[in-house]
K.L.:
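For reference, the structure I am asking about is given below.
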Amino acid sequence: MQPSQYEHLTPAQAIAYQHDLRRQINLSPLDKPIQTVGGADISFNKYSEVVYAGIVLFNYPELKVIGTATAISKTKFPYISGLLAFREVPALLDAWNKLEVKPDLMVLDGQGIAHERRTGIATHFGLVTNTPSIGSAKSRLTGRYDEPGNHLFDQSPMYDKGEVIGIALRSKPNCNPIYISPGHRVSMEQSVQIIKNCIRGYRIPEPTRQAHLLVNKIRIDDGQNLNQQFTLFD
DNA sequence: GCGACAG
DNA sequence: ATCTTGTCGC
């Protein structure tokens with residue numbers, strides 16, 4: 001199945017595809033230390049099919065920005081809880097394909113295996129690109145957990161059907177936790193450690209945080225261009 | 001049937 | 001997710 005064809009899938013077909021993807025997940029630990037990480041996110045205007053995708057590359061663990069890539073495309077696939085990847089991955093791949101050099105690992109805004117079928121957007125993206133990936137979500141999709149303590153990096157495991165599917169991590173005191181889960185080709189423990197190394201005083205880890213700022217900027221800029229074009233005619 | 005429900 | 005200013009709390 002080609003991501004460019006996702007918009008033609010029915011929800012039932014998308015779910016069937018997730019069952020297929022699930023069998024390909026590999027959560028064995030990374031064998032080599034990573035030197036670069038990428039953060040990805042998308043943005044869009046309410047009621048619009050236009051999506052703005054962006055990826056920011058950093059060296060690791062210093063986290064200096066070493067590159068970016070963006071893409072603007074359209075999607076017909078609606079937002080359906082549990083099927084987020086079918087809406088966002090195609091646009092992210094457009095940005096991904098523009099990168100001169102691919103990062104050793106990607107951090108996505110959403111779940112990895114902390115998903116009812118273990119196929120959150122981070123897992124989906126990791127499988128499609130055959131790249132190690134981690135999911136860092138701002139809210140819970142599924143799984144039960146006890147609230148982690150209120151100190152930096154306090155954590156609590158998330159369970160679903162008897163297995164640990166993620167970690168609720170206190171990335172900043174007095175803020176809600178973030179939900180970390182491996183996407184593909186990285187272990188649960190490594191995922192948490194890498195995300196902790198990407199926290200820079202904000203609740204959201206730097207890769208995803210910078211990607212979010214980037215896509216919002218290109219979205220606003222794009223809106224400015226539209227107004228500018230109309231202005232040229234009056 | 002009811003409540004939950006990534007972005 | 002997006003629309004948006006001030007405001008309560010650490």
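Every value quoted in this text rests on a predicted model; they were computed, and no experiment measured them. First the proteins, then the strands, lettered A, B, ... as listed; each starts at 1.
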K.L.:
Just the rounded figure in Å: distance from C1' of dA6(B) to CE of M158(A).
P.N.:
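About 10 Å, once rounded to whole Å.
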K.L.:
Please confirm whether the shortest side-chain N or O distance from K138(A) to OP1 or OP2 of dA1(C) is below 4.0 Å.
P.N.:
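The answer is yes; a side-chain N or O of K138(A) sits under 4.0 Å from OP1 or OP2.
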K.L.:
Donor-acceptor pair, E206(A) side chain versus F58(A) backbone, under 3.5 Å?
P.N.:
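Checking the backbone N and O of F58(A) against the side chain of E206(A), no donor-acceptor pair under 3.5 Å is found.
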K.L.:
Is there a side-chain polar atom (N or O) of H212(A) under 4.0 Å from OP1 or OP2 of dA1(C)?
P.N.:
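The answer is yes; a side-chain N or O of H212(A) sits under 4.0 Å from OP1 or OP2.
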K.L.:
How close or far is atom C1' of dA6(B) from atom CZ of F77(A), stated in whole angstroms?
P.N.:
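From F77(A) CZ to dA6(B) C1': 14 Å.
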K.L.:
Heavy atoms under 4.0 Å, any strand shown: does N150(A) hit a base, just sugar-phosphate, or nothing?
P.N.:
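It contacts nothing in the nucleic acid.
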K.L.:
Have a look at K76(A) and tell me which of E7(A), E49(A), H8(A) forms a side-chain hydrogen bond (donor to acceptor under 3.5 Å, both in side chains) with it.
P.N.:
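The side-chain hydrogen bond (donor to acceptor under 3.5 Å, both in side chains) with K76(A) is passed solely by E49(A) among E7(A), E49(A), H8(A).
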K.L.:
Are a donor atom and an acceptor atom from the side chains of R219(A) and N45(A) found within less than 3.5 Å of each other?
P.N.:
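Judged by distance alone, the side chains do pair up.
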K.L.:
For residues Y60(A) and D104(A), is any side-chain donor paired with an opposing acceptor at under 3.5 Å?
P.N.:
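No - no donor-acceptor pair under 3.5 Å links their side chains.
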K.L.:
Over all strands shown, is G135(A) touching base, sugar-phosphate only, or nothing at heavy-atom distances under 4.0 angstrom?
P.N.:
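Nothing, no heavy atom under 4.0 Å.
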K.L.:
It should be established whether S139(A) places a side-chain nitrogen or oxygen under 4.0 Å from OP1 or OP2 of nucleotide dC5(B).
P.N.:
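Answer is no, no contact under 4.0 Å.
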K.L.:
Just checking H124(A): base, sugar-phosphate only, or nothing, at a heavy-atom cut-off of under 4.0 Å?
P.N.:
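H124(A): no heavy atom of the nucleic acid under 4.0 Å.
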K.L.:
Report, as yes or no, whether the 6.0 Å neighbourhood of atom CD on E100(A) holds more than 12 heavy atoms from other residues, nucleotides or ligands.
P.N.:
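Atom CD in E100(A) is not crowded, with 12 or fewer foreign heavy atoms closer than 6.0 Å.
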K.L.:
Under 6.0 Å between ring centres: does that hold for H184(A) and F125(A)?
P.N.:
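No: the rings miss the under 6.0 Å criterion.
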K.L.:
Select one nucleotide: of dC5(B), dG7(B), dT2(C), the one nearest the side-chain heavy atoms of E88(A).
P.N.:
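Nearest to the side chain of E88(A) among the choices is dG7(B).
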K.L.:
Is it true that K161(A) and E116(A) make a salt bridge, defined as a side-chain N closer than 4.0 Å to a carboxylate O?
P.N.:
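Looking at E116(A) together with K161(A), the answer is no, because their closest N to O distance does not fall below 4.0 Å.
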K.L.:
Find the runs of at least 3 consecutive base pairs, i with j, i+1 with j-1 and so on, that include DNA chain B, using Watson-Crick or G-U wobble geometry with both distances under 3.5 Å.
P.N.:
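None - DNA chain B has no stem of 3 or more consecutive pairs.
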K.L.:
With nearest nucleotides of DNA chain C determined for R219(A) and N174(A) from heavy-atom distances, which residue corresponds to the more 5′ nucleotide?
P.N.:
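Checking each residue's closest nucleotide, the 5'-ward one belongs to R219(A).
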K.L.:
Where each pair must be Watson-Crick or G-U wobble with both distances under 3.5 Å, what dot-bracket representation of DNA chain C is obtained, with crossing pairs in [ ] and other-strand partners as |?
P.N.:
..........
K.L.:
Select base, sugar-phosphate, or nothing to describe what L83(A) touches, counting heavy atoms under 4.0 Å on all strands.
P.N.:
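Answer is base: heavy atoms of L83(A) come under 4.0 Å of a base.
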K.L.:
Measure from the side chain of R140(A), starting at C-beta and using heavy atoms only, and say which of dG7(B), dA6(B), dC5(B) lies closest.
P.N.:
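Output: dC5(B).
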K.L.:
Take atom CG of L141(A) and atom C1' of dG3(B), then tell me their distance rounded to the nearest Å.
P.N.:
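For the pair L141(A) CG and dG3(B) C1', the rounded distance is 15 Å.
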K.L.:
So, Y6(A) versus F77(A), ring centres under 6.0 angstrom or not?
P.N.:
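No, too far apart.
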K.L.:
I'd like to know whether CD of Q35(A) has more than 12 heavy-atom contacts from other residues, nucleotides or ligands below 6.0 angstrom.
P.N.:
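At most 12 heavy atoms, drawn from other residues, nucleotides or ligands, come within 6.0 Å of this atom.
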K.L.:
Got a sec? Which of residues 42-52 of chain A come in under 4.0 Å of DNA chain C, heavy atoms?
P.N.:
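Within residues 42-52 of chain A, the residues near DNA chain C are S43(A), F44(A), K46(A).
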K.L.:
Of L169(A), T208(A), I167(A), which meets side chain to side chain contact (heavy atoms under 4.5 Å, CB included) against I195(A)?
P.N.:
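Going through the options one by one, the only one that passes is L169(A).
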K.L.:
May I have the step-by-step check of side-chain contact (heavy atoms from CB on, under 4.5 Å) for T75(A) and E88(A), ending in yes or no?
P.N.:
CA-CA 8 Å; T75(A) 180; E88(A) 303 196 350; over 6 Å; no
